[in-house]
Number of protein chains: 2
Amino acid sequence: MLKGSSLYKEVALLKNYLTKNRLKLTQQRETILEAFLRVDHITAEELYREISKKKRQRMGLATIYRTLNLLCEIGIGQQRHFDENRTIFDNVLHKKHHDHLICNKCDKIIEFESPAIERLQEEMAARHGFTLNNHRLELYGHCLDWKKCRDWQKSADR
Amino acid sequence: MLKGSSLYKEVALLKNYLTKNRLKLTQQRETILEAFLRVDHITAEELYREISKKKRQRMGLATIYRTLNLLCEIGIGQQRHFDENRTIFDNVLHKKHHDHLICNKCDKIIEFESPAIERLQEEMAARHGFTLNNHRLELYGHCLDWKKCRDWQKSADR
DNA sequence: CTGTATTTTGAGAATCAGAATCAATATCAA
DNA sequence: TTGATATTGATTCTGATTCTCAAAATACAG
């Protein structure tokens, strides 16, 4: 999804933010934005390899990190820290708030939302005299259908 | 809480696990267990400083990490990764499963449980063809009562 | 268009939590 | 007590991420 779709809006968003903050629109930033919008979620390292492969231009890993963090500030991305130690950058531009279901076997990540759960969370917070800013809900388990699990693992998307 | 209370049961639990796995009950392991049971949650570094202060014995940081992980295997502790990058070891021996409510202002951590939320989680997982192993739910926000928030911050417990 | 001030880049060094190494030491079971 | 085995602590290593800084790119005033 989002193969040839126009990036006008996204680039405009980035450009706007940059201008507003007296920052510069560089080729690297555009390349990274473009690649990032193409995926659902990705690590800095993965994105680095992805871009290096199509060596359209030299690109430092530090730049990837810097730009990914920039995109998070703009609101296009969001950092996630699942069980491991590396940061996953989630492309949330076209998504509503959502929680995650993670397969321990094949690392599949499913996004879901549950207004019912959110409601209960608010209730819980109120009971303890808290005002909520945000939350994190991650469900860990495994796919019931082991074959699908394996198939997904093999899919190019990984 | 749990000041002079006997550690018989806990030491027995540890001893049992060690024997079963042909491991050894060392002074360090006992010291760490004892210190760990005294707190609700703590980082390896904090526990290290805590024990070094009462320099009853020399103790390497590596040993703290190793033993803390051992306690997690036994089930006395559980790792938590809140927003930061360091691991918090949660003493769960006398606790049921619980989730966390975290104040962004004063770092207060409140533990709670909600069977209703758990039920909805199971339902959600089933809907996506998943069997759940465990989950993580963290609510971030701030105490409504800023004064209490500050007071808690100052309390010796921190 | 051009010069210049300013920001960004890339390569590698720095960090930082945590894990691995390994010789010296402690534990345990006979 | 002994000897096999596990553990310790000091240190080094690792891997992800950030920092540094000279060189390059960009924006913008003229």
Side-chain angles (χ1 to χ4, degrees), chain A residues 11-12 14-33 35-36 41-52 55-74 77-90, chain B residues 11-12 14-33 35-36 41-52 55-74 77-90:
Chain A
V11 174
L14 176 61
K15 212 162 183 170
N16 182 43
Y17 179 88
L18 295 175
T19 310
K20 209 179 294 177
N21 292 75
R22 270 206 225 82
L23 302 177
K24 293 170 181 175
L25 180 62
T26 63
Q27 282 188 216
Q28 286 84 336
R29 281 174 175 166
E30 259 186 297
T31 300
I32 293 170
L33 173 64
F36 183 64
H41 49 255
I42 197 165
T43 65
E45 202 74 41
E46 282 165 359
L47 189 54
Y48 176 63
R49 271 181 276 121
E50 184 71 23
I51 289 177
S52 299
K55 49 196 165 207
R56 288 176 285 195
Q57 65 198 281
R58 183 150 313 295
M59 175 101 58
L61 183 54
T63 303
I64 304 274
Y65 275 104
R66 280 184 292 231
T67 306
L68 243 15
N69 285 330
L70 181 69
L71 295 182
C72 287
E73 268 164 50
I74 300 177
Q78 263 178 245
Q79 294 197 190
R80 309 267 177 227
H81 300 267
F82 297 134
D83 256 352
E84 303 119 68
N85 42 326
R86 71 249 174 77
T87 300
I88 292 177
F89 290 85
D90 198 355
Chain B
V11 174
L14 176 61
K15 213 161 182 171
N16 182 45
Y17 179 89
L18 295 174
T19 309
K20 209 179 295 177
N21 292 74
R22 271 207 225 81
L23 302 177
K24 293 170 180 174
L25 179 62
T26 62
Q27 281 188 217
Q28 286 85 334
R29 281 174 174 166
E30 259 186 297
T31 301
I32 293 170
L33 172 64
F36 183 63
H41 49 256
I42 196 166
T43 65
E45 202 75 40
E46 281 166 358
L47 189 53
Y48 177 62
R49 272 181 273 120
E50 184 70 23
I51 289 177
S52 299
K55 51 195 164 205
R56 287 177 284 195
Q57 66 197 284
R58 184 148 312 293
M59 175 100 58
L61 183 54
T63 302
I64 303 273
Y65 275 105
R66 279 185 293 233
T67 306
L68 243 15
N69 284 330
L70 182 68
L71 296 182
C72 286
E73 269 163 47
I74 300 176
Q78 261 178 245
Q79 294 195 191
R80 308 269 176 225
H81 301 269
F82 295 134
D83 257 351
E84 302 119 68
N85 40 326
R86 70 252 174 75
T87 300
I88 291 178
F89 290 86
D90 197 355

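No experiment lies behind these values; they were computed from the predicted model shown. Order of the sequence lines sets the chain letters (A, B, ...), proteins ahead of strands, with each chain counted from 1.
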**OP:** Could you pick out which residue, B/Thr43 or B/Lys15, lies toward the 5' side of DNA chain C when each is mapped onto its nearest nucleotide?
**Re:** B/Thr43

**OP:** From the options C/dC28, D/dT8, C/dT9, select the nucleotide whose nearest atom is closest to the side chain of B/Leu25.
**Re:** C/dC28

Subject >> Residue A/Arg86, side-chain heavy atoms: nucleotide from C/dG18, C/dG10, D/dA16 that is nearest >> reply: D/dA16

Original post:
Counting side-chain heavy atoms from C-beta on, which of C/dA20, D/dT26, C/dT27 comes nearest to B/Ala62?
Top reply: C/dA20

**OP:** Looking at every strand, decide which applies to A/Asn69 at a 4.0 Å heavy-atom threshold: base, sugar-phosphate, or nothing.
**Re:** sugar-phosphate

Original post:
Could you state the interatomic distance from CD1 (B/Ile42) to CG (B/Leu68), rounded to the nearest 0.5 Å?
Top reply: 8.0 Å

Subject >> Closest-nucleotide ordering on DNA chain D, the 5'-leading residue of B/Tyr48 and B/Arg22 >> reply: B/Arg22

Original post:
Can you list the residues that meet the side-chain contact (heavy atoms from CB on, under 4.5 Å) rule with A/Asn69, with sequence neighbours excluded?
Top reply: A/Gln79, A/Phe89

Original post:
Whole-Å distance between D/dA16 P and A/Tyr65 OH?
Top reply: 7 Å

**OP:** Please round to 10 degrees the angle between the axis of the first five pairs and the axis of the last five pairs in the helix from C/dC1-D/dG30 to C/dA30-D/dT1.
**Re:** 30°

Subject >> Nucleotide nearest A/Thr26 when distance is taken to its side chain, options D/dT8, C/dG10, C/dT8 >> reply: C/dT8

Subject >> Nearest-neighbour nucleotide for the B/Gln28 side chain, D/dT8, C/dG10, C/dC28 considered >> reply: D/dT8

**OP:** Between B/Lys24 and B/Leu61, name the one whose nearest nucleotide on DNA chain D is closer to the 5' end.
**Re:** B/Lys24

Original post:
Taking atom C1' of C/dA17 as reference, at what distance in whole Å does atom CZ of B/Arg49 sit?
Top reply: 13 Å

